[in-house]
Amino acid sequence: MWKFTAADGEVRTYNSANVGSSTVMEALTRGPTSVPDRFSFILPGSKRLITRQGFFGDNSDVLPPTPGIEAGGAGFGAPGREYKVAGDCLLQLDAVFFEDGMTVGPDESGLFERIAAAISRQRAAAEDIVDALQSGASIGQIFEKLRPLAQERRLHPDSWTFVMAAVDTLLQQPQESLLPWFASYLIPLRVPLRRPPAE
């Protein structure tokens with residue numbers, strides 16, 4: 001989270017988060033990725049550079065070279081790219097989600113609640129779709145069940161990755177694979193999100 005004074009004198013806050021990415025949400029809800037990911041997580045021992053100009057780096061400093069992929073990528077954008085910063089700029093690490101589900105930080109942006117709500121929404125949608133598939137619903141009827149989540153993209157952007165994955169599965173996978181795919185979202189969370197106990 002960047003807090004800064006823009007050129008017009010207004011104090012603004014700029015948030016950047018990666019927890020809602022498809023890779024991260026898959027790891028939270030369906031288990032770890034099979035291959036260590038270079039971009040979506042910060043692996044143990046890896047280092048990042050976070051400045052007013054952006055969030056830089058990847059996990060190439062702790063993973064073996066990947067053929068065809070160059071090391072050292074830029075991460076998330078920062079306020080300097082969208083606004084002219086006229087005054088002080090305060091950089092704050094607002095929330096961190098650890099591998100075991102523990103979430104720490106002041107979380108002024110409400111990220112913990114947003115991600116928990118997104119997981120709850122996608123689980124409810126998957127449960128509804130599993131019931132429908134077991135009752136013989138067509139692919140068109142399943143699309144209709146995904147429509148509300150798709151229409152709420154601006155309101156709930158963290159649910160969009162599930163919608164896109166579900167639509168891709170409906171379009172690309174054979175009918176018999178649909179039920180197990182949606183049912184995989186109903187297993188207990190591998191790493192239930194939690195916060196430290198209140199002091």
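Note that the structure is predicted; figures quoted are calculated from it, not measured.
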_Residues which pass side-chain contact (heavy atoms from CB on, under 4.5 Å) with D168, listed by chain and number, not counting sequence neighbours_ = Q172

*Apart from L90 itself, residues in the same hydrophobic cluster as defined by side-chain heavy atoms under 4.5 Å*: none

*Can a salt bridge be assigned to the pair D58 and R48 using a cut-off of 4.0 Å between side-chain N and carboxylate O?*
no

_Please check: side-chain N/O of D107 versus main-chain N/O of A95, any donor-acceptor pairing under 3.5 Å?_
no

*asked:* Just to verify, what does V104 make a side-chain contact (heavy atoms from CB on, under 4.5 Å) with, not counting sequence neighbours?
replied: V96, F98, M102, P196

Expected list for residues 129-137: side-chain donor-acceptor pairs under 3.5 angstrom, two or more places apart:
| from | atom 1 | to | atom 2 | distance (Å) |
| --- | --- | --- | --- | --- |
| S135 | OG | D131 | O | 3.1 |

_All side-chain contact (heavy atoms from CB on, under 4.5 Å) counterparts of L171, not counting sequence neighbours_ = F143, V167

*List for me each residue that meets salt bridge (Lys or Arg N to Asp or Glu O under 4.0 Å) alongside E144, sequence neighbours excluded, and say none if there are none.*
R147

_salt bridge (Lys or Arg N to Asp or Glu O under 4.0 Å) against D61, all qualifying residues, sequence neighbours excluded_ = none

*Of all residues at least two apart in sequence or in a different chain, which pass the salt bridge (Lys or Arg N to Asp or Glu O under 4.0 Å) check with E10?*
R12

_I'd like to check the side chain to side chain donor-acceptor pair (under 3.5 Å) partners of R123; sequence neighbours left out, ordered by chain and number._
none

*Got a donor-acceptor contact below 3.5 angstrom from the N59 side chain to the L43 backbone?*
yes

*asked:* Using the side-chain contact (heavy atoms from CB on, under 4.5 Å) criterion, which residues pair with E113? Sequence neighbours excluded.
replied: R195

